[in-house]
Amino acid sequence: MEINWQKEVESRKEALLEDLFTILKIDSVRDDAKATKEMPVGPGPKEALEAFLEIGKRDGFLTKNVGNLAGHIEYGEGEELMGVFGHVDVVPTGSGWDTDPFEPIIKEERVYARGSSDDKGPSMAAYYAIKIIRDLGLPVSKRVRMIIGTDEESGWQCMDHYLANEELPSFGFSPDADFPIINGEKGNTSLYVRFRSDVAGGKNQLVSFDAGLRENMVPQDATAIFTSQEAERIEADFFTFIENNPVTGTIETEGEKITIELVGKSSHGMNPSAGINAGTYLATFLNQYSFGGDAATFFQLISEMIHMEHGANKLGLAHTDEIMGELTMNAGIFTFTPEEGGLVALNFRYPTGVTEEGLEIKLETALHHFGVTIEKGGHGKLPHYVPADDPLVSTLLAVYEKHTGVKGKERSIGGGTYGRLLERGVAYGALFPDSIDTMHQANEFLALDDLFRATAIYADAIYELIK
Ligand code: ZN
Ligand code: ZN
(Lines give C-alpha, C1' and ligand atoms only; values in the text may rest on other atoms or scores of the structure.)
(Ligands and ions follow the chains in the order given, each with its own letter.)
Protein backbone atom coordinates (compact mmCIF):
# COMPACT_ATOMS: atom_id res chain seq x y z
CA MET A 1 0.00 0.00 0.00
CA GLU A 2 1.42 3.37 -1.02
CA ILE A 3 0.74 5.98 1.65
CA ASN A 4 0.58 9.64 0.75
CA TRP A 5 2.38 10.98 3.82
CA GLN A 6 2.30 14.55 2.59
CA LYS A 7 -1.48 14.40 2.33
CA GLU A 8 -1.78 12.94 5.82
CA VAL A 9 0.26 15.83 7.17
CA GLU A 10 -1.79 18.29 5.13
CA SER A 11 -5.00 17.28 6.90
CA ARG A 12 -3.39 17.73 10.34
CA LYS A 13 -1.63 21.05 9.77
CA GLU A 14 -3.85 23.11 11.98
CA ALA A 15 -3.85 20.66 14.89
CA LEU A 16 -0.07 20.34 14.65
CA LEU A 17 0.41 24.11 14.77
CA GLU A 18 -2.00 24.48 17.66
CA ASP A 19 -0.12 21.90 19.72
CA LEU A 20 3.21 23.40 18.75
CA PHE A 21 2.05 26.86 19.86
CA THR A 22 1.02 25.44 23.24
CA ILE A 23 4.57 24.25 23.83
CA LEU A 24 6.25 27.34 22.33
CA LYS A 25 4.35 29.62 24.72
CA ILE A 26 6.10 28.05 27.70
CA ASP A 27 9.33 29.78 28.71
CA SER A 28 11.40 26.62 29.22
CA VAL A 29 14.88 28.06 29.77
CA ARG A 30 16.75 26.15 32.47
CA ASP A 31 16.59 28.14 35.71
CA ASP A 32 18.86 26.82 38.44
CA ALA A 33 17.83 29.59 40.84
CA LYS A 34 14.33 28.14 40.93
CA ALA A 35 15.32 24.48 40.76
CA THR A 36 14.02 22.10 43.42
CA LYS A 37 13.91 18.33 43.85
CA GLU A 38 10.62 18.28 41.96
CA MET A 39 11.90 20.68 39.31
CA PRO A 40 15.55 19.69 38.79
CA VAL A 41 16.15 22.28 36.05
CA GLY A 42 13.52 24.82 37.08
CA PRO A 43 9.78 25.26 36.49
CA GLY A 44 9.79 26.07 32.75
CA PRO A 45 11.31 22.84 31.39
CA LYS A 46 9.05 20.77 33.67
CA GLU A 47 5.97 22.66 32.52
CA ALA A 48 6.88 22.15 28.86
CA LEU A 49 7.47 18.44 29.43
CA GLU A 50 4.12 18.06 31.17
CA ALA A 51 2.33 19.94 28.39
CA PHE A 52 3.90 17.70 25.75
CA LEU A 53 3.01 14.51 27.63
CA GLU A 54 -0.52 15.86 28.11
CA ILE A 55 -0.91 16.09 24.34
CA GLY A 56 0.13 12.44 24.03
CA LYS A 57 -2.32 11.43 26.73
CA ARG A 58 -5.13 13.41 25.12
CA ASP A 59 -4.49 11.51 21.89
CA GLY A 60 -4.71 8.18 23.69
CA PHE A 61 -1.05 7.20 23.90
CA LEU A 62 0.76 5.60 26.79
CA THR A 63 2.84 8.35 28.43
CA LYS A 64 5.31 8.49 31.29
CA ASN A 65 6.98 11.31 33.16
CA VAL A 66 10.42 10.20 34.39
CA GLY A 67 11.37 12.36 37.36
CA ASN A 68 10.20 15.61 35.75
CA LEU A 69 13.45 15.54 33.77
CA ALA A 70 12.35 13.51 30.77
CA GLY A 71 9.39 11.50 29.59
CA HIS A 72 8.03 9.46 26.76
CA ILE A 73 5.01 8.85 24.57
CA GLU A 74 4.85 5.25 23.38
CA TYR A 75 3.19 3.50 20.46
CA GLY A 76 3.31 0.09 18.83
CA GLU A 77 3.90 -3.47 19.88
CA GLY A 78 6.71 -5.97 19.88
CA GLU A 79 9.95 -6.67 21.70
CA GLU A 80 12.17 -4.16 20.03
CA LEU A 81 12.06 -0.48 20.93
CA MET A 82 12.93 2.49 18.75
CA GLY A 83 13.71 5.87 20.35
CA VAL A 84 13.06 9.32 18.90
CA PHE A 85 14.88 11.86 21.06
CA GLY A 86 13.76 15.51 21.17
CA HIS A 87 13.94 18.23 23.79
CA VAL A 88 11.67 20.99 25.08
CA ASP A 89 14.21 23.13 26.96
CA VAL A 90 15.50 26.17 25.10
CA VAL A 91 18.53 28.45 25.30
CA PRO A 92 18.06 31.95 26.80
CA THR A 93 16.42 34.43 24.46
CA GLY A 94 19.19 37.04 24.44
CA SER A 95 18.52 40.46 22.90
CA GLY A 96 17.48 41.61 19.44
CA TRP A 97 14.02 40.07 19.07
CA ASP A 98 11.36 41.84 17.00
CA THR A 99 8.55 39.97 18.75
CA ASP A 100 8.01 38.24 22.10
CA PRO A 101 10.06 35.01 21.90
CA PHE A 102 7.41 33.13 23.89
CA GLU A 103 4.45 34.50 21.95
CA PRO A 104 4.71 32.48 18.71
CA ILE A 105 3.65 34.32 15.60
CA ILE A 106 3.38 33.33 11.94
CA LYS A 107 4.94 35.81 9.53
CA GLU A 108 5.80 35.12 5.90
CA GLU A 109 5.04 31.42 6.27
CA ARG A 110 7.39 31.06 9.23
CA VAL A 111 6.75 30.41 12.92
CA TYR A 112 8.81 32.83 14.99
CA ALA A 113 9.50 31.82 18.61
CA ARG A 114 12.35 30.63 20.81
CA GLY A 115 12.46 26.87 20.33
CA SER A 116 10.64 26.86 16.99
CA SER A 117 13.56 25.20 15.22
CA ASP A 118 15.47 23.96 18.30
CA ASP A 119 13.85 21.77 19.23
CA LYS A 120 10.13 22.14 19.93
CA GLY A 121 9.14 22.33 16.24
CA PRO A 122 11.08 19.23 15.14
CA SER A 123 9.93 17.34 18.26
CA MET A 124 6.30 18.12 17.50
CA ALA A 125 6.88 17.04 13.89
CA ALA A 126 8.20 13.69 15.14
CA TYR A 127 5.26 13.30 17.52
CA TYR A 128 2.76 13.93 14.72
CA ALA A 129 4.64 11.43 12.58
CA ILE A 130 3.97 8.74 15.19
CA LYS A 131 0.38 9.93 15.51
CA ILE A 132 -0.19 9.58 11.76
CA ILE A 133 1.12 5.99 11.81
CA ARG A 134 -1.25 5.24 14.69
CA ASP A 135 -4.23 7.06 13.12
CA LEU A 136 -3.81 5.05 9.92
CA GLY A 137 -3.80 1.80 11.90
CA LEU A 138 -0.71 0.59 10.04
CA PRO A 139 0.66 -2.78 11.14
CA VAL A 140 3.85 -2.46 13.21
CA SER A 141 6.15 -5.06 14.72
CA LYS A 142 8.13 -2.82 17.05
CA ARG A 143 7.45 -0.13 19.61
CA VAL A 144 8.50 3.48 19.22
CA ARG A 145 8.96 6.06 21.96
CA MET A 146 9.02 9.80 21.50
CA ILE A 147 11.46 10.59 24.30
CA ILE A 148 11.42 14.19 25.49
CA GLY A 149 14.32 15.74 27.38
CA THR A 150 14.42 18.97 29.39
CA ASP A 151 18.15 19.62 29.74
CA GLU A 152 19.65 19.16 26.29
CA GLU A 153 21.02 22.70 26.12
CA SER A 154 22.99 22.33 29.35
CA GLY A 155 24.16 19.19 31.09
CA TRP A 156 22.05 16.40 29.55
CA GLN A 157 21.00 15.29 33.06
CA CYS A 158 17.56 14.57 31.57
CA MET A 159 18.86 11.73 29.43
CA ASP A 160 21.31 10.48 32.04
CA HIS A 161 18.34 10.12 34.36
CA TYR A 162 16.04 8.66 31.71
CA LEU A 163 18.44 6.03 30.43
CA ALA A 164 19.42 5.01 33.96
CA ASN A 165 15.78 4.30 34.80
CA GLU A 166 14.06 3.28 31.57
CA GLU A 167 14.41 0.67 28.86
CA LEU A 168 17.23 1.43 26.44
CA PRO A 169 15.95 1.66 22.84
CA SER A 170 17.94 -0.54 20.49
CA PHE A 171 18.15 2.15 17.82
CA GLY A 172 16.78 5.57 16.99
CA PHE A 173 17.30 9.13 15.87
CA SER A 174 17.14 12.65 17.20
CA PRO A 175 15.26 15.31 15.22
CA ASP A 176 17.62 18.01 16.51
CA ALA A 177 20.13 18.80 13.79
CA ASP A 178 20.32 18.60 9.98
CA PHE A 179 18.99 16.55 7.11
CA PRO A 180 19.96 14.36 5.41
CA ILE A 181 21.69 12.74 8.41
CA ILE A 182 24.45 13.01 10.98
CA ASN A 183 25.72 9.50 11.65
CA GLY A 184 29.10 10.46 13.05
CA GLU A 185 30.13 12.78 15.85
CA LYS A 186 33.73 13.50 16.61
CA GLY A 187 35.21 12.99 20.04
CA ASN A 188 35.47 16.08 22.21
CA THR A 189 38.16 16.79 24.77
CA SER A 190 40.03 19.73 26.25
CA LEU A 191 43.63 20.13 27.33
CA TYR A 192 45.02 23.08 29.30
CA VAL A 193 48.45 24.55 28.73
CA ARG A 194 49.73 26.19 31.94
CA PHE A 195 52.50 28.79 32.12
CA ARG A 196 54.46 29.96 35.13
CA SER A 197 54.00 33.53 36.34
CA ASP A 198 57.35 35.31 36.11
CA VAL A 199 57.05 38.56 34.15
CA ALA A 200 60.29 40.29 35.16
CA GLY A 201 62.69 41.66 32.52
CA GLY A 202 62.05 43.00 29.04
CA LYS A 203 60.83 46.43 27.95
CA ASN A 204 57.20 45.52 28.62
CA GLN A 205 55.59 44.04 31.73
CA LEU A 206 52.36 42.17 31.34
CA VAL A 207 49.62 43.07 33.85
CA SER A 208 46.89 40.89 32.41
CA PHE A 209 45.75 39.07 29.29
CA ASP A 210 42.20 37.78 28.80
CA ALA A 211 40.30 36.29 25.89
CA GLY A 212 37.34 33.96 25.41
CA LEU A 213 34.26 32.91 27.37
CA ARG A 214 33.95 29.17 26.76
CA GLU A 215 36.19 26.36 25.63
CA ASN A 216 33.78 25.54 22.82
CA MET A 217 33.59 29.05 21.36
CA VAL A 218 36.09 31.01 19.28
CA PRO A 219 37.02 34.11 21.36
CA GLN A 220 35.49 37.26 19.93
CA ASP A 221 37.25 39.65 22.33
CA ALA A 222 40.75 39.85 23.76
CA THR A 223 42.24 42.38 26.18
CA ALA A 224 45.86 42.94 27.18
CA ILE A 225 47.07 45.41 29.82
CA PHE A 226 50.79 46.05 30.24
CA THR A 227 53.32 48.72 31.08
CA SER A 228 55.72 49.72 28.35
CA GLN A 229 58.87 51.64 27.57
CA GLU A 230 58.06 51.66 23.87
CA ALA A 231 54.45 52.91 23.90
CA GLU A 232 54.78 55.13 20.86
CA ARG A 233 56.17 52.41 18.63
CA ILE A 234 53.54 49.91 19.75
CA GLU A 235 50.74 52.39 19.12
CA ALA A 236 51.95 53.09 15.61
CA ASP A 237 52.38 49.39 14.83
CA PHE A 238 48.94 48.57 16.21
CA PHE A 239 47.11 50.57 13.55
CA THR A 240 49.10 48.88 10.80
CA PHE A 241 48.30 45.50 12.38
CA ILE A 242 44.56 46.26 12.43
CA GLU A 243 44.70 47.35 8.80
CA ASN A 244 46.43 44.19 7.68
CA ASN A 245 44.39 41.66 9.65
CA PRO A 246 40.70 40.71 9.85
CA VAL A 247 40.30 42.29 13.31
CA THR A 248 39.26 45.62 14.80
CA GLY A 249 40.32 47.13 18.09
CA THR A 250 41.40 50.03 20.24
CA ILE A 251 44.61 51.00 22.01
CA GLU A 252 44.76 53.33 24.99
CA THR A 253 47.90 54.77 26.53
CA GLU A 254 48.05 56.33 29.98
CA GLY A 255 51.62 57.19 30.81
CA GLU A 256 53.42 53.82 30.68
CA LYS A 257 50.24 51.78 30.84
CA ILE A 258 48.79 50.42 27.62
CA THR A 259 45.40 48.75 27.22
CA ILE A 260 44.63 46.96 23.96
CA GLU A 261 41.24 45.54 23.09
CA LEU A 262 40.96 43.40 20.02
CA VAL A 263 37.75 42.18 18.40
CA GLY A 264 37.57 39.13 16.14
CA LYS A 265 34.58 36.98 15.37
CA SER A 266 33.01 34.29 17.51
CA SER A 267 31.88 30.96 16.14
CA HIS A 268 31.21 27.47 17.43
CA GLY A 269 34.34 25.77 18.67
CA MET A 270 33.70 22.71 16.50
CA ASN A 271 34.31 24.91 13.46
CA PRO A 272 37.18 27.19 14.47
CA SER A 273 38.03 28.29 10.93
CA ALA A 274 34.62 30.03 10.72
CA GLY A 275 35.69 32.40 13.47
CA ILE A 276 38.48 34.93 13.99
CA ASN A 277 40.29 34.21 17.24
CA ALA A 278 40.91 37.55 18.95
CA GLY A 279 43.14 35.82 21.51
CA THR A 280 45.66 34.40 19.07
CA TYR A 281 45.70 37.59 17.00
CA LEU A 282 46.46 39.75 20.03
CA ALA A 283 49.15 37.37 21.30
CA THR A 284 50.70 37.34 17.83
CA PHE A 285 50.76 41.13 17.74
CA LEU A 286 52.43 41.33 21.17
CA ASN A 287 54.93 38.59 20.40
CA GLN A 288 57.05 41.01 18.37
CA TYR A 289 57.94 43.02 21.51
CA SER A 290 60.22 42.33 24.39
CA PHE A 291 58.22 40.94 27.32
CA GLY A 292 59.71 39.40 30.44
CA GLY A 293 59.95 35.73 31.35
CA ASP A 294 56.85 33.62 31.13
CA ALA A 295 54.78 36.33 29.46
CA ALA A 296 57.21 36.13 26.53
CA THR A 297 56.79 32.35 26.45
CA PHE A 298 53.01 32.76 26.55
CA PHE A 299 52.97 35.02 23.49
CA GLN A 300 55.58 33.03 21.60
CA LEU A 301 53.83 29.71 22.08
CA ILE A 302 50.43 31.05 21.07
CA SER A 303 51.83 32.89 18.09
CA GLU A 304 54.02 30.06 16.79
CA MET A 305 52.04 26.96 17.68
CA ILE A 306 48.36 27.92 17.94
CA HIS A 307 47.57 30.98 15.83
CA MET A 308 45.64 29.89 12.70
CA GLU A 309 46.38 26.26 13.54
CA HIS A 310 42.82 24.94 13.31
CA GLY A 311 44.10 21.48 12.39
CA ALA A 312 46.86 21.50 15.07
CA ASN A 313 49.49 20.76 12.44
CA LYS A 314 52.47 22.38 14.09
CA LEU A 315 51.62 20.64 17.35
CA GLY A 316 51.87 17.34 15.52
CA LEU A 317 48.25 16.44 16.27
CA ALA A 318 46.78 16.67 12.77
CA HIS A 319 44.76 13.61 11.83
CA THR A 320 42.17 12.99 9.16
CA ASP A 321 39.85 10.03 9.05
CA GLU A 322 38.43 9.15 5.65
CA ILE A 323 34.86 9.12 6.93
CA MET A 324 34.79 11.39 9.96
CA GLY A 325 37.07 14.08 8.59
CA GLU A 326 39.82 16.01 10.32
CA LEU A 327 40.74 16.81 13.88
CA THR A 328 40.03 20.45 14.75
CA MET A 329 41.44 22.57 17.55
CA ASN A 330 39.89 25.65 19.14
CA ALA A 331 41.82 27.80 21.59
CA GLY A 332 38.81 28.99 23.56
CA ILE A 333 40.15 30.63 26.72
CA PHE A 334 43.33 32.61 27.42
CA THR A 335 44.33 34.16 30.74
CA PHE A 336 47.57 35.50 32.17
CA THR A 337 48.32 37.42 35.36
CA PRO A 338 51.61 37.82 37.25
CA GLU A 339 49.87 36.18 40.24
CA GLU A 340 48.33 33.12 38.57
CA GLY A 341 50.52 32.67 35.54
CA GLY A 342 49.05 31.75 32.16
CA LEU A 343 46.48 29.37 30.78
CA VAL A 344 45.40 28.42 27.27
CA ALA A 345 42.42 26.06 27.01
CA LEU A 346 42.49 23.96 23.84
CA ASN A 347 39.34 22.14 22.78
CA PHE A 348 39.76 19.27 20.32
CA ARG A 349 37.15 17.58 18.12
CA TYR A 350 38.70 14.39 16.87
CA PRO A 351 37.77 11.52 14.56
CA THR A 352 38.34 7.84 15.16
CA GLY A 353 42.02 6.96 15.03
CA VAL A 354 42.87 9.50 17.74
CA THR A 355 42.76 8.95 21.51
CA GLU A 356 42.65 11.41 24.41
CA GLU A 357 45.81 9.89 25.86
CA GLY A 358 47.57 10.16 22.51
CA LEU A 359 46.65 13.83 22.23
CA GLU A 360 47.98 14.58 25.69
CA ILE A 361 51.27 12.80 25.12
CA LYS A 362 51.86 14.43 21.73
CA LEU A 363 50.97 17.89 23.04
CA GLU A 364 53.39 17.44 25.92
CA THR A 365 56.14 16.43 23.51
CA ALA A 366 55.46 19.34 21.16
CA LEU A 367 55.45 21.96 23.91
CA HIS A 368 58.06 20.47 26.25
CA HIS A 369 60.78 22.95 25.30
CA PHE A 370 58.56 25.91 26.27
CA GLY A 371 58.63 24.75 29.88
CA VAL A 372 54.86 24.59 30.18
CA THR A 373 52.70 21.90 31.79
CA ILE A 374 49.73 20.13 30.22
CA GLU A 375 46.60 19.36 32.20
CA LYS A 376 43.51 17.36 31.27
CA GLY A 377 40.25 19.29 30.94
CA GLY A 378 36.89 17.98 32.13
CA HIS A 379 34.98 14.93 30.97
CA GLY A 380 35.59 14.20 27.31
CA LYS A 381 33.39 12.40 24.80
CA LEU A 382 34.55 9.59 22.55
CA PRO A 383 33.89 9.60 18.80
CA HIS A 384 30.54 8.15 17.79
CA TYR A 385 29.88 6.55 14.41
CA VAL A 386 27.07 4.44 12.95
CA PRO A 387 28.24 2.86 9.67
CA ALA A 388 26.55 3.96 6.46
CA ASP A 389 25.51 0.37 5.69
CA ASP A 390 23.61 0.03 8.97
CA PRO A 391 19.92 -0.38 8.02
CA LEU A 392 19.08 2.58 10.25
CA VAL A 393 21.28 4.92 8.21
CA SER A 394 20.39 3.48 4.81
CA THR A 395 16.65 3.58 5.55
CA LEU A 396 16.72 7.17 6.79
CA LEU A 397 18.71 8.26 3.75
CA ALA A 398 16.43 6.42 1.34
CA VAL A 399 13.33 8.06 2.83
CA TYR A 400 14.96 11.49 2.68
CA GLU A 401 15.83 10.91 -0.96
CA LYS A 402 12.31 9.72 -1.78
CA HIS A 403 10.74 12.89 -0.34
CA THR A 404 13.23 15.46 -1.57
CA GLY A 405 14.61 13.98 -4.76
CA VAL A 406 18.08 14.73 -3.40
CA LYS A 407 20.57 11.96 -2.78
CA GLY A 408 21.50 11.95 0.90
CA LYS A 409 25.05 11.29 2.02
CA GLU A 410 26.41 10.26 5.39
CA ARG A 411 28.00 13.04 7.40
CA SER A 412 30.00 13.55 10.58
CA ILE A 413 30.13 16.73 12.64
CA GLY A 414 32.15 18.01 15.58
CA GLY A 415 29.20 18.71 17.85
CA GLY A 416 27.21 16.46 20.15
CA THR A 417 23.57 15.48 19.53
CA TYR A 418 21.30 13.02 21.29
CA GLY A 419 22.21 10.64 18.46
CA ARG A 420 25.22 9.54 20.48
CA LEU A 421 23.00 8.29 23.33
CA LEU A 422 22.54 5.00 21.51
CA GLU A 423 25.14 2.82 19.86
CA ARG A 424 22.83 2.81 16.85
CA GLY A 425 21.73 6.42 17.16
CA VAL A 426 21.93 9.29 14.66
CA ALA A 427 20.59 12.80 14.17
CA TYR A 428 18.05 13.27 11.36
CA GLY A 429 16.75 16.76 10.47
CA ALA A 430 14.85 18.88 10.85
CA LEU A 431 16.99 21.56 9.21
CA PHE A 432 17.10 21.07 5.42
CA PRO A 433 20.26 21.92 3.49
CA ASP A 434 18.53 24.97 2.02
CA SER A 435 16.94 26.17 5.30
CA ILE A 436 18.22 29.20 7.17
CA ASP A 437 19.71 28.11 10.50
CA THR A 438 18.48 30.45 13.28
CA MET A 439 19.00 28.10 16.22
CA HIS A 440 20.16 29.91 19.38
CA GLN A 441 19.73 33.27 17.63
CA ALA A 442 17.37 36.22 18.01
CA ASN A 443 14.23 35.91 15.88
CA GLU A 444 14.55 32.12 15.70
CA PHE A 445 12.05 30.70 13.24
CA LEU A 446 10.93 27.54 11.51
CA ALA A 447 9.51 27.69 7.98
CA LEU A 448 6.06 26.10 7.89
CA ASP A 449 6.99 24.27 4.74
CA ASP A 450 10.01 22.71 6.50
CA LEU A 451 7.89 21.74 9.49
CA PHE A 452 5.37 19.89 7.33
CA ARG A 453 7.98 18.34 5.02
CA ALA A 454 9.86 17.07 8.06
CA THR A 455 6.70 15.59 9.56
CA ALA A 456 6.01 13.58 6.40
CA ILE A 457 9.61 12.38 6.26
CA TYR A 458 9.56 11.37 9.92
CA ALA A 459 6.28 9.50 9.52
CA ASP A 460 7.55 7.57 6.51
CA ALA A 461 10.92 6.86 8.13
CA ILE A 462 9.58 5.75 11.50
CA TYR A 463 7.04 3.49 9.77
CA GLU A 464 9.77 1.93 7.63
CA LEU A 465 11.80 1.24 10.77
CA ILE A 466 9.04 -0.25 12.96
CA LYS A 467 6.79 -1.98 10.45
ZN1 ZN B 1 18.59 21.13 20.22
ZN1 ZN C 1 20.29 23.98 20.89
Side-chain angles (χ1 to χ4, degrees), residues 20 23-24 26-32 41-42 44-45 48-49 52 69-72 83-94 96-97 101-102 104 111-127 129 146-160 162-163 172-179 181-183 185-186 188 213-218 266-271 274 349 381 384 411 413-422 425-432 435-447 450-451 454-455 458:
L20 175 57
I23 307 296
L24 288 174
I26 301 167
D27 175 347
S28 52
V29 176
R30 174 173 168 158
D31 187 351
D32 289 334
V41 285
L49 171 67
F52 208 123
L69 268 170
H72 66 243
V84 178
F85 294 87
H87 67 92
V88 288
D89 58 311
V90 292
V91 290
T93 53
W97 284 78
F102 297 111
V111 186
Y112 283 85
R114 171 57 86 226
S116 53
S117 65
D118 180 17
D119 183 47
K120 292 172 174 175
S123 295
M124 194 53 77
Y127 169 69
M146 176 75 220
I147 300 170
I148 301 147
T150 62
D151 187 34
E152 196 277 341
E153 299 292 2
S154 306
W156 284 29
Q157 44 169 309
C158 50
M159 287 308 158
D160 291 346
Y162 184 89
L163 295 174
F173 70 79
S174 174
D176 190 24
D178 306 347
F179 281 122
I181 202 166
I182 290 160
N183 59 320
E185 292 177 21
K186 291 177 192 171
N188 178 346
L213 301 169
R214 298 245 181 105
E215 287 168 27
N216 66 359
M217 284 168 73
V218 175
S266 185
S267 96
H268 198 293
M270 71 181 177
N271 192 10
R349 308 293 170 122
K381 283 180 181 146
H384 171 75
R411 187 171 154 237
I413 60 165
T417 80
Y418 276 166
R420 67 158 60 242
L421 290 171
L422 304 177
V426 300
Y428 187 53
L431 217 54
F432 289 89
S435 322
I436 302 165
D437 181 358
T438 55
M439 293 186 189
H440 297 203
Q441 297 171 28
N443 299 317
E444 175 180 352
F445 69 80
L446 176 61
D450 286 0
L451 172 65
T455 308
Y458 289 152

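Here the structure is a predicted model, which is why all the values come from computation and not from measurement. Both ligands and their constituent atoms are indexed starting at 1 by order of listing. Side-chain atoms are counted along with the backbone in the values below, which use heavy atoms only and exclude waters and symmetry mates.
For Asp118, the N, O or S atom with the smallest separation from the Zn ion (ligand 1) is OD1. The N, O or S atom of His440 lying closest to the Zn ion (ligand 2) is NE2. When distances from the Zn ion (ligand 2) to the N, O or S atoms of Glu153 are compared, OE2 comes out shortest.
For His87 and Asp151, the side-chain atoms include no donor-acceptor pair closer than 3.5 Å.
Arg30 places no side-chain N or O within 3.5 Å of a backbone atom of Gly44 that could act as its donor or acceptor partner.
Pairing each heavy atom of Val90 with each of Lys120, the nearest pair is CG1-CE, 3.9 Å.
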Worked check of side-chain contact (heavy atoms from CB on, under 4.5 Å) between Asn443 and Tyr112: CA-CA 6 Å; Asn443 299 317; Tyr112 283 85; 4.3 Å; yes
Full working for side-chain contact (heavy atoms from CB on, under 4.5 Å) between Tyr418 and Cys158: CA-CA 11 Å; Tyr418 276 166; Cys158 50; 3.2 Å; yes
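Here the angle at the Zn ion (ligand 1) defined by NE2 in His87 and OD2 in Asp176 stands at 90°, rounded to 10 degrees.
Look at Glu152 and the Zn ion (ligand 2): no N/O/S atom of the residue is under 2.8 Å from the metal.
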